Amino acid sequence: MRFSQFFIPTLREAPAEAEAVSHIYMLRAGYVRQLAAGLYIYLPLAWRVMNRIMKIIREEMNAIGAQEISMPGLHPADIWQKTGRWDAIGDEMFRLKDRGDRDMCLGMTHEEIITWLASMEIRSYRALPQMWYQMQAKFRDEARPKSGILRTREFIMKDSYSFDRDEQGLAESYRKHAEAYHRIFKRCGLRFHQVESDPGMMGGAISHEFMAPSPAGEDTIVLCKQCGYSANTELARSIPAVGARCAMPLQGEELEEVHTPNRRTVTEVASFLKADASCFIKSLLLMDDDGPFLALVRGDQELHEKKLRKIVGNFRPAQKEEVKGILGVEAGFIGPHNNNLRKIADISLKEGTYIAGANREGYHVKGIRPQEHFQAEWDDIHVAREGDACAQCKALLTLEKVIEIGNIFQLGTKYSVPLKAVYLDENGKEQPIIMGSYGIGPARIAAAAVEQNHDKDGIIWPRSIAPFDIEIIPLDMGEKEIMETAEAIYRDLTYAGFEVIMDDRDERPGIKFKDADLIGIPYQIVIGKKGLKEGIVEFKTRMTKQTERLSPADAVKRVKEL
RNA sequence: CGGGGCGUAGCGCAGCCCGGUAGCGCACACGGUUCGGGACCGUGGAGUCGGAGGUUCAAAUCCUCUCGCCCCGACCA
């Protein structure tokens, strides 16, 4: 490929709207252009990267026996109504009507459609198992598209679905996918973790996410280096570190009310009483269908709403008047003792002596001992954070910002039952198909690769997904010998099967060097007048910036040995 | 959806407070000199100042509404 004929609109300065490193470089290096919020055009360089990623994904999916198909992006509403997601999903779904006034939507995912297919076509246990996948656009009206191609409203996803007779079959399909995903992300040159995740509205019991560490990531995971426990903070369990020593000795004290006028928040009372936040019980009055209840966490901790929701179902915070009506005081002074409300307390409170609201206007109470002064249901309802100990092995946990690049779900019968995707077993008995669903975002792989591999000059692509393998840089287009050498190397490498781009523009060397570093092809061969006089060209590795002085023939050989 | 910021030439920005008919750098075109890390000189093309309405003799500038984009949060198969 000739640079002069290839569309690479590089920018000297980054557009002001870009913030994430991957976004800035993809714009500057001429990979993408933005059409509207969360909608991107992939220019030739980016599309090459995408195709290489998708090729790797295809190879690994095919290798586990998955078969590629293609489903429509436009869906009739009734299938989504049957699974309940038409109503369960809110504004995130693009909805429209066709000319016949029928409700339609743009697919956010394809469980409904593929299950419909399976329901129409699969009759017998003899037809199972099956694994079908596609690479297809998904549409989600994101509340906040961001970070370039990391979070967009239309994006390509590799989504696959497994169909099995039973749970064991599902476990096998799930395992195959997990292994394929490991190979895919490894081949794409990414650092990543597989972590436990919250199935969310996908339903099902078990799910994992594949996470690429990056400051640009939107999720946070906890990792235990000792036992390998790893999970999204959406559900990660942990043992909170023991709080700092309280300033005043509380051990053995009897209950003692202290006047704390106008101090309502933990921070306010803590500084007023000169005690650490971890000496306090934070009491939150919440309302669910059965009425009010208290959620208790240590003063320095944060309530994890998702964890709590798993225990009690849906809830909401009580309003100001409700708090007064139920406990007789305003929210700043409520506490766990002297009332019969249901209480869910975080495990970190099980031991120790604490300060809490006194349920009396303007007062807190010291000396509260859980299980002695109040009873509660104990559970992990706090947000895990840096410094907490692993819930499995007690080792220190670390937290990491990550980009979600893939996920796998054991769905079970969540879709097959409502859509009547069933098969007849050996006994002629009808059984629901057991399903799994598995996604990968190729654009996120590309973005994560840039986030993880760049320097101040630009992108440094992993070899496997770079738009080209080699960039040849002849420094003087007017020198016959330079051009002949460049053409010969270009011909040899192309013939040997490499994807080669040659910067044949009549530009100054500085511009060619800058652009080459920006674009990030992993290897460069620089051909200049001085070197050629001595019969050498320069083979340069983009990542290390190291150059090797080689004869043109050796340079070709060097590339072939990569 | 809540909070904040920004829309002026392809990109980055100044001008706005204090109204007087739009400017700088880069990019682009042409000519010349250059040529190993984003050259220099000269000439030139390019802007409904996001849009609509209003105030005014006069609006990029003041007022009202509106659209778009970015960031933080909420949300997130």
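Just so we're clear, the structure is a prediction, and the values are computed from it rather than from any experiment. Because only heavy atoms are used, hydrogens play no part in the values below, and waters and symmetry mates are left out as well, while side chains stay in. Every chain is numbered from 1 and lettered A, B, ... according to where its sequence line falls, protein lines coming before strand lines.
Using N1 to N3 plus N6-O4 or O6-N4 for Watson-Crick, or N1-O2 and O6-N3 for G-U wobble, each under 3.5 Å, B/rC16 pairs with nothing. Across all strands shown, B/rU64 is found opposite B/rA52 as a Watson-Crick or G-U wobble partner, with both distances under 3.5 Å.
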Can you give one letter per nucleotide of nucleotides 8-13 of chain B, going 5' to 3': B for a protein heavy atom under 4.0 Å from the base, S for sugar-phosphate only, - for none?
---BSS

How does protein contact run along nucleotides 42-50 of chain B, one letter per nucleotide 5' to 3', with B for base contact, S for sugar-phosphate only, - for none, heavy atoms under 4.0 Å?
---------

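Contact check, A/Arg12 against B/rA27: a side-chain N or O comes under 4.0 Å of OP1 or OP2. A sub-4.0 Å separation between OP1 or OP2 of B/rC72 and a side-chain N or O of A/Lys146 is present.
Of the two residues contacting RNA chain B, namely A/Gln524 and A/Ile440, the nearest-nucleotide position lying further toward the 5' end is that of A/Gln524.
Residues satisfying the salt bridge (charged side-chain N to carboxylate O under 4.0 Å, His left out) test with A/Asp346, not counting sequence neighbours, are none. When the salt bridge (charged side-chain N to carboxylate O under 4.0 Å, His left out) test is applied to A/Glu507, no partner is found at least two apart in sequence or on another chain. Not counting sequence neighbours, A/Arg140 has no partner by the side-chain hydrogen bond (donor to acceptor under 3.5 Å, both in side chains) test. Residues satisfying the side-chain hydrogen bond (donor to acceptor under 3.5 Å, both in side chains) test with A/Asp103, not counting sequence neighbours, are A/Lys97. A/Glu302 meets the salt bridge (charged side-chain N to carboxylate O under 4.0 Å, His left out) test with no other residue; sequence neighbours excluded. For A/Glu234, the salt bridge (charged side-chain N to carboxylate O under 4.0 Å, His left out) partners at least two apart in sequence or on another chain are A/Lys306.
A/Asp517 contributes a side-chain N or O that forms a donor-acceptor pair with the base of B/rG37 under 3.5 Å.
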Acceptor/donor pairs from residues 206-213 of chain A side chains to any protein atom, 3.5 angstrom cut, sequence neighbours excluded:
from, atom 1, to, atom 2, distance (Å)
A/Ser207, OG, A/Ser197, O, 3.0
A/Ser207, OG, A/Ser197, OG, 2.8
A/His208, ND1, A/Tyr174, OH, 2.7
A/Glu209, OE1, A/Asn232, ND2, 2.8

Return all side-chain donor-acceptor pairs below 3.5 angstrom for residues 521-538 of chain A, not counting sequence neighbours, or 'none' if the list is empty.
from, atom 1, to, atom 2, distance (Å)
A/Gln524, NE2, A/Asp517, OD1, 3.0
A/Glu534, OE1, A/Arg549, NH2, 2.8

Anything under 3.5 Å between a donor and an acceptor, one on a side chain of residues 24-38 of chain A, the other on a protein residue two or more places apart or in another chain? List them.
from, atom 1, to, atom 2, distance (Å)
A/Tyr25, OH, A/Asp455, O, 2.8
A/Tyr25, OH, A/Lys456, O, 3.1
A/Arg28, NE, A/Leu11, O, 3.0
A/Arg28, NE, A/Arg12, O, 3.4
A/Arg28, NH2, A/Arg12, O, 3.4
A/Tyr31, OH, A/Trp461, NE1, 2.8
A/Tyr31, OH, A/Ile519, O, 2.6
A/Arg33, NH1, A/Leu27, O, 2.9
A/Arg33, NH2, A/Pro9, O, 2.8
A/Gln34, NE2, A/Ala36, O, 3.2

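The listed nucleotides are B/rG37, B/rG73, B/rG38; the one nearest the side chain of A/Thr10 is B/rG38.
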Distances for protein N/O vs nucleotides 30-36 of chain B N/O pairs under 3.5 angstrom?
from, atom 1, to, atom 2, distance (Å)
B/rU34, O2, A/Arg508, NH1, 2.6
B/rG36, O6, A/Gly528, N, 3.4
B/rG36, N1, A/Glu538, OE2, 2.8
B/rG36, N2, A/Glu538, OE1, 2.6
B/rG36, N2, A/Glu538, OE2, 3.1

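Counting heavy atoms from C-beta outward, A/Asn407 and A/Phe409 have side chains that approach closer than 4.5 Å.
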